[in-house]
Amino acid sequence: MATIFKNGKFFKGVEAEKANSGATAECMITNHDLITYIGPEDNPLVANALSDASTTTVDLAGKWVLPGFIDGHMHLLLLGSALKRVNLEPCKSLDDIRAAIKQYALSNPHVPRILCRGWMHPMTNGVALASMIDDLDPRPIFIDSKDLHSTWCNSAALAELGVETEPNPDGGEIHRDEHGRASGLISEAAAQVFVWPHIARVQPLEDKLASFKAAINAYSAAGYTGMVDMAMDENAWEALQILQSRERLPVRLAAHWLINPKSTVEENLAQVNRAIELHKQFNAETSPDLRIAGIKVICDGVVDACTAALCEPYASNGSSCEPLWREDMLRSVVKHADAAGLQCALHAIGDKAVKMAIDALEDACGPGKRHRIEHLEVTRPEDAQRLGKLGITASVQAVHADPAILRAWPKLLGHERCGRAFAYKDFLDQGAALALGTDSPTAPYFALPNIYTATTRRSAREPESVETVNDHFALSLAQGLSAASKGSAYSCFADKFTGSLQQGLKADFAIVDMDFTAENLLKAKVCETWFDGQKVFQRASPHQFIVPK
């Protein structure tokens, strides 16, 4: 059955930016799950469709139709779980954190453990000891850092994890006191090896499924029709399979299997082999809406914790931090995955890690695989040139470029390096493909505020502020919208069936009440989300979610 969408504005991509403020179509027709026409309303195809009594007409009342957003980098289960955790982001100090946890503990006496999110190292001057929170409650307390690269635990949580006698895993650390006892902070690969699997194991299946559904509903309400998950593992994959067997999910998900650094090549490649095995069964041809696209490798940490790997020492303390992977180990993993047809997604925030990631992809991979580097927060001019030359996708998250959360960077990095931070326009100008994501739940998942920061370089958290971060690297509005839809689709080989408003592609789109100006994006509202030609979200009071058939 056909549906005609008329009296609206339809975004047709960067190529249409100078034509009618980005809109080059007046009408769109969908039939079942596909877009069958997009163009002028006076086309005979429109008249023919209108003459059919079964055709439905939707009057858009001047609203914009955008391709459904695709989050190019996110963590689905972690987001769903985070929506139920104590949010510490508004906290400014240890006292604020303690008050928030204490209030939650008193209000929730029956939960077995207290899970928190949003802590940032500067809130506690970089110190995270169990003794600072032990007196709040006898139950285990787990506090995820905002960047998800570390977890702050009380003594009960450390005991539950059983890490007291565990050695540090490769690429991670169980922080200890002068007596060698675990002191409270578990960082980098140690968090992935000990904390994440433990929390997943103790979470009942129905809670996991509810977390997935909560995250997906939140994404539908924000105009998303797709996502790229960047930390898939056995636990989350099994739960997703169960959820999909019970109901149709209104998103297309491409997942990257997380590869943790091990001490031997054999152990590393065994993890890749599991991803290869799953990819053979769940790929773009056999299972386009839920598939294993590739692997994820975390090459370094984050700037705020001084764990991002930089070519020159940190300005604040003169320290240097090496990447989490040895170069030879990384190359063996990348080469093995590439040979099996998997995409490689390499987390690299500091310029030293970025160089290592580009070197590994150049040396170990063949062309045309659309390998990608995640974050790329501190880069050099030659890095941007190499990205374009080698066909590497720059997978970036503008929410991390928000000026409100970067005020410590000049002290940490020095002003010269800060001048090269978040160089999105440079990546595009040098020919790299650009995929825009959010890295939720390390940052808000909303697409339009994300694009606002990418295009204005101003803060979506503090919209009254006129502070900017490297506005010479700002994207145009059309570039930002395209990076959040077509660019993310391209990054995972989904562009052949979604990501654009184009005849023959899937009818995945959002109807948005907006002005076509970057400055007004924070006022824009997603009114409806359509997936596979069916409306799955409509803004109402309360929001209405519609389960696709």
Side-chain angles (χ1 to χ4, degrees), residues 72-73 230 294 296-304 306-315 320-327 330-331 333-335 338 343-398 400-401 406 409-410 412-437 439 454 457 469-475 479 483 487-488 490-491:
H73 180 126
M230 277 293 164
K296 163 78 175 300
V297 180
I298 301 177
C299 297
D300 69 342
V302 293
V303 170
D304 292 288
C306 295
T307 54
L310 302 176
C311 294
E312 300 295 333
Y314 281 86
S320 296
C321 181
E322 291 300 313
L324 301 176
W325 284 73
R326 284 182 9 214
E327 290 187 23
L330 179 63
R331 282 189 172 88
V333 164
V334 166
K335 184 174 183 178
D338 174 82
Q343 291 182 263
C344 298
L346 308 183
H347 164 123
I349 285 181
D351 52 8
K352 186 171 186 176
V354 170
K355 181 182 184 302
M356 183 180 77
I358 296 175
D359 288 346
L361 293 176
E362 180 178 35
D363 295 346
C365 298
K369 298 294 180 64
R370 301 188 190 177
H371 298 305
R372 43 194 291 160
I373 297 179
E374 311 302 312
H375 309 307
L376 295 149
E377 294 184 3
V378 182
T379 58
R380 303 166 302 163
E382 55 265 37
D383 298 327
Q385 296 167 6
R386 295 181 70 196
L387 293 174
K389 178 184 176 182
L390 296 171
I392 298 171
T393 294
S395 172
V396 300
Q397 303 77 41
H400 293 327
L406 297 176
W409 277 41
L412 293 170
L413 298 177
H415 288 281
E416 182 177 351
R417 273 187 296 201
C418 284
R420 281 292 309 173
F422 308 99
Y424 303 158
K425 186 176 186 299
D426 195 20
F427 302 154
L428 274 183
D429 289 346
Q430 297 298 329
L434 196 69
L436 186 62
D439 201 13
R457 307 294 285 214
V469 170
N470 294 342
D471 52 9
H472 55 290
F473 289 139
L475 304 177
Q479 288 172 333
S488 292
Y490 174 89
S491 76

Q: Indicate yes or no for a side-chain donor-acceptor contact from D471 to the backbone of R457 under 3.5 Å, with no hydrogens or angles considered.
A: no
What one should report as the nearest heavy-atom pair of C321 and C306 is CB-O, 3.8 Å
Nearest heavy-atom approach of D300 to A309 is OD2-N, 3.0 Å
When every non-hydrogen atom of M230 is compared with those of K296, the smallest separation belongs to O-NZ, 3.1 Å
Rounding to 0.5 Å, atoms CZ (R331) and CZ (R326) come to a distance of 12.0 Å
One should read off an interatomic distance between T307 OG1 and Y314 OH, to the nearest 0.5 angstrom, of 6.0 Å
**Request:** May I ask you to check whether over 12 heavy atoms, not counting those of E382, lie within 6.0 Å of atom CD?
**Result:** yes
When rounded to the nearest 0.5 Å, the distance separating CZ of F422 from CD of Q397 is 9.0 Å
Checklist entry - Between the side chain of H73 and the main-chain N/O of V396, is any donor-acceptor distance below 3.5 Å? => result no
Set out, in order, the CA-CA distance, both residues' side-chain angles and the distance that settles side-chain contact (heavy atoms from CB on, under 4.5 Å) for L346 and L330, then state yes or no.
CA-CA 10 Å; L346 308 183; L330 179 63; 4.2 Å; yes
Interatomic distance, CG@L436 vs CD@Q479, rounded to 0.5 Å, equals 11.5 Å
**Request:** Check whether any side-chain N or O of H347 sits under 3.5 Å from a backbone N or O of E374 as a donor-acceptor pair, and report yes or no.
**Result:** no
(request) State, with a plain yes or no, whether a side-chain heavy atom of Q430 is found less than 4.5 Å away from one of K389. (result) no
Taking C-beta and beyond as the side chain, do C365 and V334 meet within less than 4.5 Å on heavy atoms? yes
Run the numbers on D359 and K355 for salt bridge (Lys or Arg N to Asp or Glu O under 4.0 Å), then give the verdict.
-> CA-CA 6 Å; D359 288 346; K355 181 182 184 302; 2.9 Å; yes
CZ of R420 to CZ of R380, rounded to nearest 0.5 Å, is 10.0 Å
Note, L475 side chain near L428 side chain (heavy atom, < 4.5 Å): yes
Review point. Is H472 atom NE2 crowded by more than 12 heavy atoms from other residues, nucleotides or ligands, each under 6.0 Å away?
Key: yes
Closest non-hydrogen atoms of L413 and V378, given as atom of the first, atom of the second and distance, are CD1-CG2, 4.0 Å
- [ ] List the steps and the verdict of salt bridge (Lys or Arg N to Asp or Glu O under 4.0 Å) for K335 and D338.
- [x] CA-CA 5 Å; K335 184 174 183 178; D338 174 82; over 6 Å; no
Scanning both residues in full, the closest heavy-atom pair of L376 with I373 reads CD1-O, 3.5 Å
Backbone N/O of V302 and side chain of E377: donor-acceptor pair under 3.5 Å = no
Closer than 3.5 angstrom, by distance alone: can the side chain of D426 be matched with the main-chain N or O of F473 as a donor-acceptor pair? no
When every non-hydrogen atom of R370 is compared with those of T393, the smallest separation belongs to O-OG1, 4.5 Å
One should read off an interatomic distance between I298 CD1 and W325 CH2, to the nearest 0.5 angstrom, of 10.0 Å
Q) Considering only heavy atoms from C-beta outward, does the side chain of V297 approach that of C344 to under 4.5 Å? A) no
Worksheet entry | Non-hydrogen side-chain atoms of W409 and D304 separated by less than 4.5 Å | yes
Discussion item. If you define the side chain from C-beta out and look only at heavy atoms, does anything of L310 sit under 4.5 Å from R417?
Written reply: yes
> Is the side chain of S320 donor-acceptor paired with the backbone N or O of E312 at a distance under 3.5 Å, no angle test?
Replying inline: no
Side-chain heavy-atom pair H375, D439 within 4.5 angstrom cut-off: yes
